[in-house]
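To keep things clear, I will list the structure first and then write my remarks on it.
Side chains are part of it too, since the values below use all heavy atoms of this structure and drop only hydrogens, waters and symmetry mates. The first residue of the sequence shown is numbered 1, and numbering continues consecutively from there. None of the values given here were measured: they were computed from a predicted structure.
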Amino acid sequence: MKKILSICALAIGAISLTSCEDFLDQTSPSEMSHENTFNNEYFTSIAVNKAYGDLTQDRTYSQDLAIIYNLNTDVELIDGLGSSNSTSARDRGTMNYNATPTSFSNMAGTWTAMYQTIEDCNLIIDGVEKSTNADNTTMKQYLGEARAIRAMVYFDLLRIFGDIPMKLEPTKPDLSNAYIGKTDRDVIMDSLMVDLEKAVNELPWAGEKGLTTEHANKGYAHALLAQIALTKAGWAIRESAKSGYETATESDPTYPTQRPDAATRKSLNELALKHLSAVITSGKHNLNPSFKDEWYKINQLVLDKQYQENVFEIPMLQNVSGELGYTVGYRLNGVTNEYGYSNSSGKVKLTANLFYSYKEGDSRRDITVASSQITADKKTAAAKEAMLGNKPFELYVGKWDPRMENETWLAQNKAASAKHLTGINPVKIRYSQILLWYAEVMNELAGADGRYNGDAGITARQALALVHNRAFENKSEAQNYINGIAANKNAFFNAIVDENAWELAGEGARKWDLIRWNLLASKTKQMQLDYLNNLENGTFQKKVYFNYANDAKTQIDMSSVTWNGLSDGKTEDDYQGSTDSYGKENDTQKGDYLSNISNGLIGVFNPTTKQWAAPASGVINRYIMPIPSTIISDYNGVLHNSYGFGD
């Protein structure tokens with residue numbers, strides 16, 4: 001049973017707590033002083049539950065941080081592309097990098113909700129550190145959980161907004177520390193890494209002392225610290241140039257894209273290696289041998305206590321929180337007898353380029369990229385699978401799939417007449433990410449096949465092989481690909497970038513890695529060119545043929561689809577169905593859609609000249625979001641926008 005009481009409306013005031021009805025027969029924390037609250041394990045646990053509950057809101061990780069802010073990339077796109085939608089208010093224009101301080105009201109809600117979580121964690125950390133019970137093992141765990149949650153929230157905020165206010169103490173009654181200006185994000189990341197070093201020593205591993213992967217745990221603290229170190233070592237657009245930093249070739253003259261010097265990057269890579277190696281050598285987290293089973297369990301709301309591949313999952317509650325599987329996922333396009341209410345599931349779309357980039361035999365392709373949907377028979381309301389057709393920028397994310405969800409969800413969905421939530425947990429870090437980061441760091445420090453002091457006993461190539469080969473039934477062929485990657489750093493790094501897309505597409509991880517690699521703009525442009533090349537060279541099929549998997553013709557045999565043309569000896573007559581596909585010219589998709597992908601970042605693309613106009617903002621590489629105007633007003637003049645946003 002999930003521990004987090006997200007339906008209890010637990011709330012922490014400046015020095016008080018209120019509990020849900022389960023605890024009404026107990027002494028109310030609101031009657032206790034701040035000091036006494038955090039001298040008590042039970043009431044401290046309620047405070048920690050409240051911090052987890054904060055993460056289940058729409059404006060935090062139930063919706064926005066799990067879905068919206070992780071777009072766009074070269075493989076993941078916000079829905080509703082086109083010249084009007086790509087510049088309009090709300091999420092469509094925002095995630096095409098056309099945000100303004102007033103265009104997306106939910107952004108202010110995210111800022112407020114995330115800082116409320118930070119405040120709740122500040123109260124816990126301050127209270128436990130000052131507690132007479134601070135040395136108690138359970139209290140240390142609560143302290144470590146609060147540190148890790150606070151670090152995660154701060155890290156996500158600065159990735160979205162850049163430099164932000166940093167406050168690591170509870171708000172004072174006179175509000176003298178409530179309104180503070182920005183802190184440089186590097187300073188914030190340094191502080192978070194120091195705090196996570198403490199959390200590593202305070203937290204048990206998942207699977208120990210009753211701690212599950214629905215709690216911040218030692219493995220997550222290690223991995224998050226490494227992720228922050230890699231981010232600090234990477235590229236970022238700056239409010240002003242920093243002395244001693246390297247500036248990218250394509251960089252804005254006012255708001256430069258920079259990274260630390262070589263010596264600092266080496267030190268940060270070594271720090272990341274230390275913490276990634278700690279997770280790998282612990283044996284507490286491993287890859288599930290089956291990529292399909294990994295995602296089946298996520299959809300079933302079953303915690304994998306054997307492999308614990310999901311190092312930390314933010315716990316949602318079915319029918320209460322969790323947009324994954326409803327707002328993003330495999331499409332239920334209509335109310336059916338078998339599945340009940342339809343879903344929207346189209347907020348995140350994947351591309352035909354990604355689909356065709358997978359190597360033959362890669363089991364991740366059809367799990368990740370959904371090329372079909374469930375439709376409802378007009379007469380009987382029976383569910384029927386249908387191919388999506390010629391929509392190369394509108395493929396659904398198949399990792400969250402109603403066909404894999406559990407019986408409780410199914411019963412709820414059959415009874416539903418409006419949107420209800422799946423309870424699927426957002427996964428913050430999977431073990432496959434740890435292996436990919438490890439491969440990246442080892443390649444940087446020792447090359448593809450070298451060893452380095454403090455490593456986990458495997459090379460970069462071996463770590464990459466673990467991720468890649470898991471996806472293939474034919475392991476020898478998969479290993480041949482790994483062996484064929486050149487040993488030079490650039491070639492091996494490029495292989496890691498590719499693997500990142502194949503493994504993590506749709507999960508909201510790629511954008512942040514592309515940013516720190518300074519590849520977000522160039523990879524997006526390459527995707528647009530690759531689409532045109534795939535049209536021109538025949539990679540995309542104009543029509544695909546397929547067979548059904550049952551006599552009723554309600555299920556498609558996806559293994560029969562002729563994605564790469566008819567097999568030798570086969571004709572169209574050998575197949576039961578067909579559909580127009582990505583190779584057939586589609587003026588809307590090729591023109592309006594293709595031209596306006598991420599146009600606020602890279603400018604409008606002209607498919608005829610294969611050139612890009614300058615971004616309308618005039619700022620190069622502006623992926624940062626503006627601080628909402630309402631927030632700036634609330635901060636009494638101490639906050640301001642940069643990057644050409646105005647206030």
Side-chain angles (χ1 to χ4, degrees), residues 67-83 85-87 91-99 159-160 234-237 248-252 255 257 347-357 369 391-395 397 493-494 496-502 504-535 582 589-625 643:
I67 301 170
I68 302 299
Y69 291 111
N70 304 319
L71 303 170
N72 279 351
T73 72
D74 58 331
V75 300
E76 300 143 326
L77 305 173
I78 191 76
D79 72 327
L81 291 167
S83 58
N85 287 332
S86 64
T87 56
D91 48 11
R92 286 172 175 166
T94 298
M95 303 332 294
N96 278 294
Y97 304 99
N98 290 296
R159 292 198 297 184
I160 296 168
W235 297 96
I237 190 172
T249 302
E250 292 189 26
S251 180
D252 193 83
Y255 307 108
T257 297
K347 187 61 66 177
V348 182
K349 295 293 178 61
L350 303 178
T351 69
N353 284 359
L354 172 67
F355 183 86
Y356 269 88
S357 74
V369 189
K391 297 183 178 181
F393 306 111
E394 298 179 271
L395 300 173
V397 184
F493 170 75
N494 289 335
I496 292 170
V497 174
D498 288 343
E499 202 71 42
N500 177 288
W502 298 329
L504 302 170
E507 297 178 48
R510 185 164 178 80
K511 175 179 178 178
W512 311 111
D513 287 324
L514 289 176
I515 286 171
R516 65 183 179 82
W517 294 330
N518 197 27
L519 292 177
L520 181 62
S522 62
K523 280 290 184 181
T524 302
K525 289 181 176 181
Q526 188 61 53
M527 177 266 287
Q528 291 169 310
L529 293 174
D530 287 347
Y531 170 74
L532 294 178
N533 290 336
N534 286 335
L535 278 180
Y582 319 128
Q589 296 276 335
K590 183 178 177 181
D592 206 22
Y593 275 37
L594 177 68
S595 298
N596 288 287
I597 290 170
S598 301
N599 63 21
L601 176 71
I602 60 175
V604 174
F605 177 59
N606 185 324
T608 301
T609 64
K610 298 184 179 180
Q611 298 294 318
W612 292 264
S617 69
V619 178
I620 298 172
N621 201 31
R622 190 176 76 171
Y623 55 80
I624 290 286
M625 295 294 129
Y643 310 107

Heavy-atom side-chain contact between Thr94 and Met625 under 4.5 Å: yes

For residues Asn621 and Ala521, report the shortest heavy-atom separation together with the two atoms involved. OD1-CB, 4.5 Å

Answer yes or no: are there more than 12 heavy-atom neighbours, outside Lys391 itself, under 6.0 Å from its atom NZ? no

Please name the pair of heavy atoms, one in Ser595 and one in Pro607, separated by the smallest distance, quoted to 0.1 Å. OG-CD, 3.5 Å

Looking only at non-hydrogen atoms, find the nearest pair between Ala248 and Trp235 and report the distance. N-CZ3, 3.2 Å

For Asn70 and Thr73, work out which heavy atoms get closest and say how close. O-CG2, 4.1 Å

Is there a side-chain hydrogen bond (donor to acceptor under 3.5 Å, both in side chains) between Asn599 and Trp612 once you walk through the steps? CA-CA 9 Å; Asn599 63 21; Trp612 292 264; over 6 Å; no

Between Gln528 and Ile602, is there a side-chain heavy-atom distance shorter than 4.5 Å? yes

Taking Gly82's backbone N and O only, do any of them form a donor-acceptor pair with Asp592's side chain (distance below 3.5 Å, no angle check)? no

Under 4.5 Å between any side-chain heavy atoms of Lys511 and Met95, yes or no? yes

Nearest heavy-atom contact between Val348 and Glu76 is CG1-CB, 4.3 Å

Measure up the Tyr531 and Phe393 rings against each other and bin them: parallel (under 30°), tilted (30 to 60°), perpendicular (over 60°). tilted

Could you check if a side-chain atom of Arg622 sits within less than 4.5 angstrom of a side-chain atom of Leu601, using non-hydrogen atoms only? no

Any side-chain heavy atom of Phe605 sitting closer than 4.5 Å to one from Ile597? no

Sole candidate of Leu504, Asp74, Leu520 that passes side chain to side chain contact (heavy atoms under 4.5 Å, CB included) when paired with Arg510: Asp74

Do Asp498 and Ser357 have side-chain heavy atoms sitting under 4.5 Å apart? no

Residues pairing under side chain to side chain donor-acceptor pair (under 3.5 Å) where one sits in residues 513-524, two or more places apart or in two chains, turn out to be Glu440-Arg516, Glu440-Trp517, Asn500-Asp513, Asp513-Arg516

Side chain proximity check, Asn596 to Val604, heavy atoms < 4.5 angstrom: yes

Main chain of Asn72, side chain of Tyr97: is a donor-acceptor contact present, judged purely on distance under 3.5 Å? yes

So do Asn353 and Gln526 actually touch side chain to side chain, heavy atoms under 4.5 Å? no

Quick check: does any side chain N or O of Tyr623 sit under 3.5 Å from a backbone N or O of Ile237, one acting as donor and the other as acceptor? yes

Minimum heavy-atom separation for Asn96 and Ser598, please, with both atom names. OD1-N, 2.8 Å

Okay, side chain of Thr257, backbone of Ala236: is any donor-acceptor separation there less than 3.5 Å? no

